[in-house]
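One structure below.
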Amino acid sequence: MKRNVSSAWRRLASDKLAMISLFVLIAFIVMAIVTPWVSSREDINPVNTGDNPTWASPSREFLLGTDYLGRSVALQVMWGSRVSLFVGLAATLLTIVIGTLVGITAGFFGGWGDAILMRFTDWFLVIPFLPTAIVLASVLERSIWTIVFVIGITSWPSTARLVRSQVLSVRSRLYVDRARALGAGRAHLIRRHIFPNVLPLIMASTTLAVPISILTETTLSFLGLGDPTEVSWGSILNEARQKGAVTRGAWWYYMPPGVAIVMVVLAFTLFGRALETVLDPRLRER
Amino acid sequence: MRRRFVIGKVLGALSTLVFVVIFNFFLFRVVNDDPINSLFRGRNLTPDQLERLRVKFNLEGTKWEQFVAYVQQLLRGDLGYSLKSSRPVTTVISEALWPTILLVGTSTLIAMVGIVIGYRAGWRRGSTFDATATSMSMLTYSMPEYWIGMVALGVFAASLGWFPVGGLNDAGSTLTGIERMLDQLHHLILPATVLAIAYVGEYMIVARSAMIDTSREDYLQLARAKGLREAEVRKHHAQPNALLPVVSLSAINFGFILSGAIAVESIFSWPGIGQQTAFAISGPDFPMLQGLFLMISAAVILANLAADLLYGYLDPRVAGR
Amino acid sequence: MTLLEIRDLHVTYRSERGDVPAVRGVNLAVGEGDTLGLAGESGCGKSTIAASVLRLLPKGTDVRGEVLLGGEDVYAMKPGRLRAVRWTGAAVVFQGALHSLNPVKKVGWQIEEAVLLHTKVSGKAARARAQDLLVRVGIPADRLDHYPHQMSGGQRQRVLIALALACDPHVLIADEPTTALDVMVQAQVLALLEELQREKALALLFITHDLSVLTHTCRRLAVMYAGRIVEEGPSELVFTDPQHPYSRALAAAFPTIGDATSRMNPQGLAGDPPDPAALPTGCPFHIRCAVATPECATVDVALRDAGGERRAACVHVGASHVGDGHV
């Protein structure tokens with residue numbers, strides 16, 4: 001297993017695009033972590049920005065200009081990265097955990113449980129997930145955790161399906177039968193045989209699920225369902241639009257958050273695809 | 001197609017719809033026990049008036065009684081009243097229906113160009129065309145649709161003035177007939193293109209990988225051995241098989257495009273279902289949200305059913321023929 | 001009249017890992033009404049030869065030598081001529097019929113397509129011809145409108161045979177046509193092939209890894225190893241009295257029916273076929289050979305005359321050297 005990991009890493013490292021994406025992601029994560037050290041929340045509190053020029057285009061003082069309240073756009077984007085990245089990652093974690101549990105349970109135990117779980121999953125798959133997320137978010141209290149919960153709850157079905165089909169194919173492999181014949185218990189089978197074979201798939205699909213979670217979070221924030229006390233890239237865009245940034249031509253207000261979203265999402269997607277290719281040899285020719 | 005296949009799919013769709021109705025109902029009741037109280041708090045209404053309001057908004061009795069009443073209402077075609085405007089939800093929705101159909105329909109047609117691009121890219125995998133198409137698709141796929149809308153508005157409407165900044169018709173417009181239609185078309189172009197750009201990537205990527213998988217199949221070698229030209233091999237043997245995953249995707253994509261319309265309609269002040277949803281969120285106007293959710297889900301379930309049946313028609317292995 | 005002739009064929013696949021020489025100098029010829037079997041294990045290059053006859057190799061593959069169909073070099077043909085010759089000059093019966101047939105098109109349509117492509121007949125006439133072909137291979141006529149997945153493996157293989165005959169080719173190449181089938185079905189399909197071959201005086205090139213099948217179906221037999229023919233001659237003789245150590249091992253691996261002792265002692269062959277991308281020096285077989293001499297590791301052996309119509313590429317065979325001749 002260790003040999004697999006190092007050879008996989010080497011293959012990944014040779015993919016230039018993947019490495020650039022990784023670099024971009026790390027840069028954003030660093031930015032998110034470092035923000036509280038280079039600025040304080042008060043810097044973007046409208047109470048304190050009254051003296052700043054409003055709607056100012058980029059200058060040496062304000063690298064990305066200011067918004068309608070005189071707040072620095074650059075700082076907002078930095079603070080926003082924390083929320084968008086955190087929610088994206090946390091929601092994905094929730095999705096993966098639920099999806100994996102359901103997938104392994106359904107795939108491994110089969111029978112009635114499988115049938116019921118899959119019927120349930122299929123329902124959830126058909127229902128359009130943004131409206132569901134909207135409805136859930138509007139019913140619950142507006143907070144970051146709500147968003148995390150809402151995204152996690154609506155996105156697990158596709159992971160569950162993926163995991164289940166992998167579990168089914170692994171289960172049918174001969175060595176699992178042999179292990180069972182030797183008297184291995186279910187927990188042992190899951191831990192030693194099923195899980196390690198499902199793990200690479202889970203890892204790859206995790207990386208591809210993050211962009212979806214991030215995009216969903218920004219959309220929900222844009223529609224006003226986010227945490228009103230937090231700044232997120234989606235909420236910045238929402239405010240920008242509502243205050244007429246588009247018609248005023250204040251491109252420095254609405255371009256940067258969008259570009260940030262695109263960069264992060266694209267980086268995760270490219271890295272995820274590269275990871276998928278490395279972990280699943282069959283995909284290598286894509 | 002075998003009747004069993006069709007009936008099975010229809011029953012499946014119905015069961016999903018039932019699930020949606022149940023889910024829809026209990027979702028709203030779970031958190032908000034008595035919205036009437038909180039909504040009309042400062043209004044000095046007598047308990048009697050409050051009680052009448054509760055009846056009007058179907059909020060009296062136990063949860064189970066409420067559910068039964070809700071289903072009865074549904075079957076009568078009554079979706080309740082908007083908390084904001086007090087108008088029947090069904091009326092609001094029916095007014096907003098056509099603009100959304102127009103927008104989503106047009107966008108989907110434009111986005112399907114992605115299928116053709118994807119086929120070509122997949123058939124000539126690794127070519128410059130393929131590389132360009134794939135990069136562009138991944139780029140647009142990473143952009144939030146409302147942001148594309150904002151940028152498009154900023155450039156084409158606000159700056160260049162080529163297109164109106166929103167709406168289906170200009171405010172106070174008195175155009176009729178052909179002129180009115182052309183004007184609406186003019187308003188349609190930007191939002192439809194924006195929505196299409198956001199989802200064309202999906203179509204392209206799926207069509208491409210479908211074509212790549214198909215291009216590896218052995219029956220293509222046999223087709224060439226027969227003496228067919230490459231174009232004929234692609235058209236008669238590869239594409240019919242590569243079409244199958246694309247059909248499945250179309251159903252899923254329909255759900256995404258419809259969802260994407262929520263934000264895009266909001267940006268472009270397009271008087272459709274999406275805009276109504278955005279309005280209902282800032283309320284929150286629960287009966288409205290409930291009705292809209294039901295409508296949107298029903299539309300997607302229907303689209304999935306249609307795609308399943310189409311798939312069964314195209315792939316003889318599935319429908320039990 | 002020699003209908004199919006392959007002269008000094010070299011086929012090298014180009015891959016990311018480097019060049020892979022799949023065929024390294026093969027000569028063979030099949031005349032009208034003649035049957036030649038080509039035997040060998042996976043990776044020896046026999047399927048490559050099948051694909052090379054109609055130029056079905058992947059783009060970029062390096063091909064040197066000549067493949068003559070009715071005297072014309074396939075590799076010198078213009079695209080239009082090539083397409084005309086495909087299926088009419090020579091046709092291929094592929095293996096694994098489930099994957100060789102288009103799953104979303106009816107079986108009848110797939111045969112009609114070939115007919116309509118090469119002959120100027122009406123749709124009705126093409127359909128009638130497809131029907132006749134199906135009946136000739138033992139499939140009920142109503143199966144015309146069936147899909148491949150609705151048929152059994154044996155039936156699908158027959159469809160492939162019917163399809164191959166659709167344009168009355170002179171040359172038929174059967175690439176492992178019975179490999180994926182049950183033994184009983186195998187026998188039926190083989191019988192059908194033999195019957196058709198005799199009836200239409202086809203030049204048949206039968207490719208397989210199953211030697212025992214070839215001895216009955218083919219008059220002559222050639223054994224391939226590592227991209228070369230290592231032995232050739234009348235099939236009966238090659239099977240019962242092999243001259244090359246590899247053929248000996250291959251023949252011994254198949255128990256002879258009726259001979260109890262051979263059934264009890266199938267002789268396997270140690271080692272694996274060589275990787276075409278990394279061939280051993282000298283005679284490619286010397287590593288696994290029971291009678292290798294020190295010379296074998298350095299000297300590559302060409303086919304030598306072994307008496308009668310037989311030739312084998314081994315130092316232990318005959319004293320005289322034969323140049324490039326044909327069987």
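Chain identifiers are assigned alphabetically (A, B, ...) following the order of the sequence lines, protein sequences preceding nucleic acid strands; residue numbering begins at 1 within each chain.
Neither the backbone nor the side chain of B/Ile252 comes within contact range of chain A; no heavy atoms are under 4.5 Å apart. In this structure, chain B has heavy atoms under 4.5 Å from both the backbone and the side chain of A/Pro131. For B/Phe254, no part lies under 4.5 angstrom from a heavy atom of chain A. Neither the backbone nor the side chain of B/Ser282 has a heavy atom closer than 4.5 Å to any heavy atom of chain A. Contact annotation for A/Leu223: both backbone and side-chain heavy atoms come within less than 4.5 Å of a heavy atom of chain B. Proximity to chain B (any heavy atom under 4.5 Å) is restricted, for A/Ile134, to the side chain, taken from C-beta onward. With a threshold of 4.5 angstrom between heavy atoms, A/Leu125 does not approach chain B through any atom at all. Residue contact with chain B, scored on non-hydrogen atoms closer than 4.5 Å, involves the side chain of A/Phe120 exclusively.
For the atom pair CG of A/Leu130 and CG of B/Leu258, the computed distance is 10.0 Å after rounding to the nearest 0.5 Å. The distance from atom CZ of B/Phe23 to atom OG1 of A/Thr132, rounded to the nearest 0.5 Å, is 6.0 Å.
Looking at every heavy atom in both residues, B/Met150 comes nearest to A/Ala240 through CE-CB, 4.3 Å. In terms of heavy-atom proximity, B/Ser142 sits nearest to A/Leu266 at OG-CD1, 3.3 Å. For the pair B/Val300 and A/Pro128, the tightest heavy-atom approach, listed with the atom from each and the gap, is CG2-CG, 3.7 Å. The minimum heavy-atom distance linking A/Arg142 with B/Ile281 is given by the pair NH2-O, 3.7 Å.
Residues from residues 247-261 of chain A that place a non-hydrogen atom less than 4.5 Å from a non-hydrogen atom of chain B comprise A/Thr247, A/Tyr254, A/Met255, A/Gly258, A/Val259, A/Ile261, given in numerical order.
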Identify each donor-acceptor pair in which a side-chain atom of residues 146-153 of chain A lies under 3.5 Å from a protein atom, sequence neighbours left out, and give them as a table.
residue, atom, partner, partner atom, Å
A/Thr146, OG1, A/Glu141, O, 2.5
A/Thr146, OG1, A/Ser143, OG, 3.3

Show which side-chain atoms of residues 283-294 of chain B pair as donor or acceptor with protein atoms under 3.5 Å away, not counting sequence neighbours.
residue, atom, partner, partner atom, Å
B/Asp285, OD1, B/Leu83, N, 2.7
B/Asp285, OD2, B/Ser82, OG, 2.6
B/Asp285, OD2, B/Leu83, N, 3.4
B/Asp285, OD2, B/Lys84, N, 3.3
B/Gln290, NE2, B/Asn24, O, 3.4

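At least one donor-acceptor pair under 3.5 Å links the side chain of A/Arg241 to the backbone N or O of B/Ser266. Proximity of a side-chain donor or acceptor of B/Tyr146 to a complementary backbone N or O of A/Leu237 within less than 3.5 Å is not detected.
Contact of the B/Ile267 side chain with the A/Phe222 side chain is registered, since non-hydrogen atoms from C-beta on lie closer than 4.5 Å.
Remark: A/Ala209 pairs with A/Thr92 by the side chain to side chain contact (heavy atoms under 4.5 Å, CB included) rule, at least two apart or across chains.
Within 6.0 Å of atom OH in A/Tyr68, more than 12 heavy atoms from other residues, nucleotides or ligands are found, so the atom counts as buried in its surroundings.
Among B/Ser259, B/Gly255, B/Ala280, B/Ala251, the residue with the largest count of heavy-atom pairs under 4.5 Å with chain A is B/Ser259.
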